[in-house]
Amino acid sequence: MHQIQPRKIIRLTYTLFFLVHFTGTALGQSDSTIYSEKKSITLREVVVRNNLDVPSFIKRVKEDTSFYKAFRNLRILAYESLNSIQIFNNRNEVHASLNSRTRQHRTKNCRWLEVLEEKSTGDFFDEQHQYKYYTADLYASLFLARDTVCGETAIVRGTTFNVKGKSSMARHKEQLKMLFFDPGKRIPGLPLMGNKVALFDEEVVALYDFIIDMDLFKGEMCYVFTLSPRKNLTSNEQNKIIINEMTTWFRIQNWQIAARSYELKYKTLLYNFDVHMEVEMAQFNEYTLPRLIRYNGSWKVPFKRKEKAVFTATLFDFKRGAQ
């Protein structure tokens, strides 16, 4: 993943009031400080020089659905995938693994998976060739559908993640999908945690610093939006932090997300996780799609042993499905 090397940075600390109601101000060709609700917002020279509409930019970040939509686009296209999953034991040794190459086909509004190559080690599968580890099961539910699935769309507007009526494990997977695909949004059904990831709620947004930068990503100039916890948080405030950092690269030409990396960490008696994820996007015709997904982390969900895993998905050769 391309690393940010910020040289000219805009640091923004603001309340939810500023996010929704601040409408901009005229700035000269120098740093400028704006006060709103007793909060100071320092705009560096780079914002002025590039005529960035800061309030509109923040509103766009807050309301963005293109990251989630990129994953939903996978449901309506054909593509190949290289899949690598490693499960580690308590000594940090690879205990089980899977390396495979798959092809998703899509015809007449249905998709199904063809396994082109597959090699596993350890007890990755049980005797019925089912996934023995819930990290692998989660990965498979995202990219390795076992059965034919029909009637799907890539529509995001009006869609919601639903945890009602699902079994315990299915509910956990749905909640993890929310955390992965829509970071920063409230997650239902997670006691003591669901509201803490709602980054733009007033009580949560005050815990973070925000940075806007401009940098090249894969040769393309992007706006880079980074959020991280404030450095002067109290112990009580630090206990409310789940997203340790999230950085998003936005293409300047069309505001599509080019990449995102994020670190999630939380520990309670019920849930315990420490995860780093990186996603790079690709463009196929009018579709933005995940091209590379990297995951490195550990999870502990109720009634399951803690798992530490690393996985990488490399997606390519996108095609429209046959009608």
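This is a predicted model, so every value here is computed, not measured.
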Asn90 versus Lys306, side-chain donor and acceptor atoms under 3.5 Å: no

Parallel, tilted or perpendicular: rings of Tyr131 and Phe125 (30°, 60°): tilted

Any side-chain donor near an acceptor of the partner, Thr248 and Arg260, under 3.5 Å: yes

Separation between CZ of Arg305 and OH of Tyr133, rounded to the nearest 0.5 Å: 6.5 Å

Atom pair CZ/OG of Phe71 and Ser66 - distance to nearest 0.5 Å: 11.0 Å

Modelled atom types, side-chain donor and acceptor of Arg111 and Gln104, under 3.5 Å: yes

Pairs where residues 52-134 contributes a residue and the test disulfide (SG to SG under 2.5 Å) is met, not counting sequence neighbours: Cys110-Cys150

Reported OG1-to-CG distance for the pair Thr247 and Leu227, which is rounded to 0.5 angstrom: 7.5 Å

Residues Tyr139 and Asn83: side-chain donor-acceptor under 3.5 angstrom: yes

Whether over 12 other heavy atoms sit under 6.0 Å from Lys265 NZ: no

Under-4.0 Å salt bridge between Glu280 and Arg291: yes

Residue pairs, two or more places apart or on separate chains, that pass salt bridge (charged side-chain N to carboxylate O under 4.0 Å, His left out) and touch residues 89-100: Arg91-Glu93

Phe273 and Tyr266 aromatic ring geometry - parallel, tilted or perpendicular at 30°/60° bounds: tilted

Side chains of Glu245 and Ser228, donor plus acceptor under 3.5 Å: no

Salt-bridge contact Arg103-Asp317 (side-chain N to carboxylate O under 4.0 Å): yes

Ser100 side chain to Glu117 side chain, donor-acceptor N/O pair below 3.5 angstrom: no

Exam field: side chain Asn285 to backbone Tyr287, donor-acceptor pair closer than 3.5 Å: no

Distance, nearest 0.5 Å, that separates CZ of Arg72 from CD1 of Ile155: 8.0 Å

Under 3.5 Å side-chain donor-acceptor pair for Thr312 and Ser84: no

Interatomic distance, Thr153 atom OG1 to Asn73 atom CG [nearest 0.5 angstrom]: 10.0 Å

Value rounded to 0.5 Å, distance of OH in Tyr295 from OG1 in Thr135: 5.0 Å

Distance flag, aromatic centroids of Tyr223 and Trp255, threshold under 6.0 Å: yes

